[in-house]
Amino acid sequence: MSYPYQIKTFEQYQADYKKSIENPEAFWSAIAENFTWRKKWDKTLEWNFTEPKIEWFKGGKLNITENCLDRHLEKMGNMPAIIWEPNDPEEHHRVLTYRKLYEKVCQFAHVLKTNGVQKGDRVCIYMGMIPELAIAVLACARIGAIHSVIFGGFSAQSIADRLEDAKASFVITCDGAFRGAKDIPLKSVIDDALIGNKTVKRVIVATRTRTPVSMIKGRDVWWEDEIKNVETLGLTDCPAEEMDAEDPLFILYTSGSTGKPKGVVHTCGGYMVYTNYSFVNVFQYQPGQIHFCTADIGWVTGHSYIVYGPLSAGATTLMFEGIPTWPDAGRFWEIVDKYKVNILYTAPTAIRSLMGFGLGPLAGKNLSSLQVLGTVGEPINEEAWHWYDENIGKKKCPIVDTWWQTETGGILISNLAGVTPSKPGWATLPLPGVQVTLVDENGKEIEQGDADIVSGNLCIKAPWPGILRTTYGDHERCRTNYFATYPGMYFTGDGAMRNKEGMYRITGRVDDVLNVSGHRIGTAEVENAINMHAGVVESAVVGYPHEVKGQGIYAFVIYQGSHGQDTHGTGDLVRKDITQTVTRIIGPIAKPDKIQFVSGLPKTRSGKIMRRILRKIAEGETDNLGDTTTLLDPGVVEEIKKGRL
Ligand code: 6R9
């Protein structure tokens, strides 16, 4: 494959950026020409950010899997598409060539069809990181079913909420998943999630861990049996469904500042073009290179940079089932060495956690294949950046700091590896087609003037092809969440700084969303879960700086337990109960790191919790709480300060 739209020099970046802003339609339609379309689009872009309504490649017909699979078969059928490294290093790895992956996707697409899945149906996928997960995703896309992948760490309750919101009629899962020393009973979690569910007709279960499962007659079938069945029927090639460019491709649930997670919807045409374009340019992918993105496919990073971006570019993508610290903290480096990985894309939290093990785990690992390093998910602190640069990249690999979101589909702000300048801690410049700006609280754009650095709320002024189109089943929520705060702009929820060169440094969320180990968690979600505990009267949750996770979760809880539990001294039992409740309702990723019992929360006279004060206390800045005179009971602040953990 060649990528005529791959930017090679800084000057070209500047020229392309200019072109993309002056005439976005001409710019993106020239890029879209490089893909396989059943029918070309009539209109490249139609949009307004008021409703909002965004349509890219309007009238175009395609199937994304023809771009990820079929078009590579003739010349690259024997090239590895997916290399899979199992959790247990002793187990044999698997390689799926483009030909093999194509066959497996077609076969499983037939399984979906024979089980009654139709175009437009929502299929929930809850699996571990095995090749069958990627196969399931692509098989859905092949027949036009809308996949919604749920990360294996979410609880039955979280899954139930998502199944209901998506009105999913099918579930694909595994008996269990291996993650480090753990064996997670996925099917059993699904069984719990399905209690009371009215929409799911069938559950397809792939075998992985041999954990005992209960298969419900008439509802549950084994993946392997179904494959045998389509083999017996002689079903091999499966023609791809013709999709409209604006037909939904997938739903991915993500946390916001209020309420339950929302289902971000991406569509076929724009998402394909944008993930491919950003993959090829940010990582400067060269044919034959091995790309290792360490994310889970349950997050957007896995969707865009393990599956769709790399495969649409004919790349070799490495998929890892396990975790960075098992069986020891040298696992990533062992994988890099074993497969001669060229591009490593991971999260700051993983880097910080591995830094903590020192250089021992690197001993004897040959990392000389590495050419490009990347980070994503949260701001990277300079110490971690330099450790990554010196010890992993040996100072010869550009590091791309890629800022983006579930809603953006692909990377929006990042340096391009070795092509545009990098700066530790800075995501740097927007990609072509991305019109970034900073605004103040009133939505007024901030001018740079003579200032070295300005800061504000990060917004985007015009659509790029990968932008979300709606939130599933609730378009109004999409409008109010992203397009109403600053009319005429997409508001990211992040704050950022900009320097004279026009580079951006993301400082973190400015709304009530936490970022724990690169995972987005809404404070309201955690509070609702804590409040489910019978003894809890009220709670407030804020983030605080955490050495490894980036942010930790600090909960202030008013507790009125029965049978005389002591919450003020050693209320550790109660803490454990509350933690268990959160794990049940959301999943282990949302567990509070600290729970402080309080007798009251700082509230305004109108009853609003003043989180600003709690945040400061959690951060340890107790001397500088600002104005507390508007509080209903200023005395409560003194008590909370004293009891700080
Ligand atoms: C891709 C992904 C999005 C939020 C985003 C921001 C934070 C992501 C970042 C970053 C600083 C980076 N974030 N990349 N912050 N520098 N390079 O992570 O999507 O899970 O939706 O999270 O993550 O706060 O708003 P998602």
So if I apply the side-chain contact (heavy atoms from CB on, under 4.5 Å) rule between Pro432 and each of Tyr13, Trp28, Tyr5, which one comes out positive?
Tyr13
Is there side-chain contact between Leu138 and Leu101, with heavy atoms separated by less than 4.5 Å?
yes
Got a sec: does the CD of Glu547 have more than 12 other heavy atoms crowding it under 6.0 Å?
no
Would Leu112 and Ile204 count as a side chain to side chain contact (heavy atoms under 4.5 Å, CB included) if you check the C-alpha gap in whole Å, the side-chain angles of each, and the deciding distance to 0.1 Å?
CA-CA 9 Å; Leu112 293 175; Ile204 302 176; 4.1 Å; yes
Say whether, by atom type as modelled, one donor and one acceptor occur between the side chain of Tyr388 and the main chain of Arg352 under 3.5 angstrom.
no
Would you call Glu132-Arg94 a salt bridge at under 4.0 Å N-O?
yes
Out of Trp333, Phe283, Phe332, which one pairs with Phe292 under the ring pair (Phe, Tyr, Trp, His ring centres under 6.0 Å) rule?
Phe332
Report yes or no: do Trp403 and Asp494 form a side-chain donor-acceptor pair below 3.5 Å?
yes
Decide yes or no for Glu378 and Thr349: does some side-chain heavy atom of the first lie under 4.5 Å from some side-chain heavy atom of the second?
yes
Pair Tyr285, Asn342 - check side chain to side chain donor-acceptor pair (under 3.5 Å), show working.
CA-CA 9 Å; Tyr285 185 82; Asn342 305 110; over 6 Å; no
Heavy-atom distance under 4.5 Å between the side chains of Val213 and Trp222, does that happen here?
yes
Residues, nucleotides or ligands: over 12 heavy atoms within 6.0 Å of Lys182 NZ:
no
Just by modelled atom types, is the Pro185 backbone N or O under 3.5 Å from a matching donor or acceptor in the Thr211 side chain?
no
Please report the shortest heavy-atom distance between Met129 and Trp84, naming the atom on each side.
O-NE1, 2.8 Å
Trp464/Tyr277 aromatic ring centres below 6.0 Å:
no
Answer yes or no: are there more than 12 heavy-atom neighbours, outside Glu383 itself, under 6.0 Å from its atom CD?
no
Determine whether more than 12 heavy atoms belonging to other residues, nucleotides or ligands lie under 6.0 Å from atom NZ of Lys394.
yes
Hey, is Lys113 close enough to Glu241 for a salt bridge, meaning N to O under 4.0 Å?
no
Under 6.0 Å from the CD atom of Glu74, do we count more than 12 heavy atoms belonging to anything else shown?
no
Taking the six-membered ring for Trp and the full ring for Phe, Tyr or His, determine whether the centres of Tyr274 and Trp56 are under 6.0 Å apart.
no
Return yes if a side-chain donor-acceptor contact under 3.5 Å exists between Thr402 and Tyr345, otherwise no.
yes
Atom NZ of Lys549: over 12 foreign heavy atoms under 6.0 Å:
yes
For Pro248 and Val265, the nearest pair of non-hydrogen atoms, with its separation, is CB-CG1, 4.0 Å
Taking the side chain as C-beta and beyond, is there a heavy-atom pair between Thr317 and Val307 under 4.5 Å?
no
Sequence neighbours left out, cut at 3.5 Å: what donor-acceptor pairs do the side chains of residues 419-428 make with other protein atoms?
| residue | atom | partner | partner atom | Å |
| --- | --- | --- | --- | --- |
| Thr420 | OG1 | Leu416 | N | 2.8 |
| Thr428 | OG1 | Asn415 | N | 3.0 |

Lys100/Glu103 ion pair, N-O < 4.0 Å:
yes
For Lys395, does the NZ atom have more than 12 heavy-atom neighbours from other residues, nucleotides or ligands under 6.0 Å away?
no
Minimum heavy-atom separation for Met76 to Gly314, with atom names?
CE-CA, 3.7 Å
Taking the side chain as C-beta and beyond, is there a heavy-atom pair between Trp326 and Pro89 under 4.5 Å?
yes
Does atom NZ (Lys340) have a neighbourhood of more than 12 heavy atoms from anything else shown, all under 6.0 Å?
yes
Quick one: does any side-chain atom of Ser353 pair with a main-chain N or O of Val548 as donor and acceptor, under 3.5 Å?
no
Check the side chains of Tyr102 and Asp237 for a donor-acceptor pair under 3.5 angstrom, ignoring hydrogens and angles.
yes
Main-chain N/O of Lys228 paired to Gln107 side chain as donor or acceptor, under 3.5 Å:
no
Would a 4.5 Å heavy-atom cut-off, applied to side chains only, mark Ile135 and Leu96 as touching?
yes
Where Val513 and Ser255 come nearest, the two heavy atoms and their spacing
CG2-O, 4.3 Å
Test item: side-chain donor near acceptor, Tyr271 and Ser304, under 3.5 Å:
yes
Checking side-chain polar atoms at under 3.5 Å, does Ser278 have a donor or acceptor matched by the opposite partner on Tyr305?
yes
Enumerate, atom names and distances included, each donor-acceptor pair closer than 3.5 Å involving a side-chain atom of residues 364-372, sequence neighbours excluded.
| residue | atom | partner | partner atom | Å |
| --- | --- | --- | --- | --- |
| Lys365 | NZ | Pro361 | O | 3.0 |
| Asn366 | OD1 | Ser368 | N | 2.8 |
| Asn366 | OD1 | Ser368 | OG | 2.7 |
| Ser369 | OG | Val341 | N | 3.4 |
| Ser369 | OG | Val341 | O | 2.7 |
| Gln371 | OE1 | Gln289 | NE2 | 2.5 |

Checking Arg99 now: which residues fulfil salt bridge (charged side-chain N to carboxylate O under 4.0 Å, His left out) with it, not counting sequence neighbours?
none
Would you call Asp70 and Arg142 a salt bridge, using N to O less than 4.0 angstrom?
yes
Hey, are the side chains of Leu359 and Trp387 touching, using non-hydrogen atoms and a 4.5 Å cut-off?
yes
Met1 versus Met79: any side-chain heavy-atom pair under 4.5 Å?
no
Identify whether NZ of Lys or CZ of Arg in Arg162 sits under 6.0 Å from the centre of the six-membered ring of Phe154 and within 45° of that ring's axis.
yes
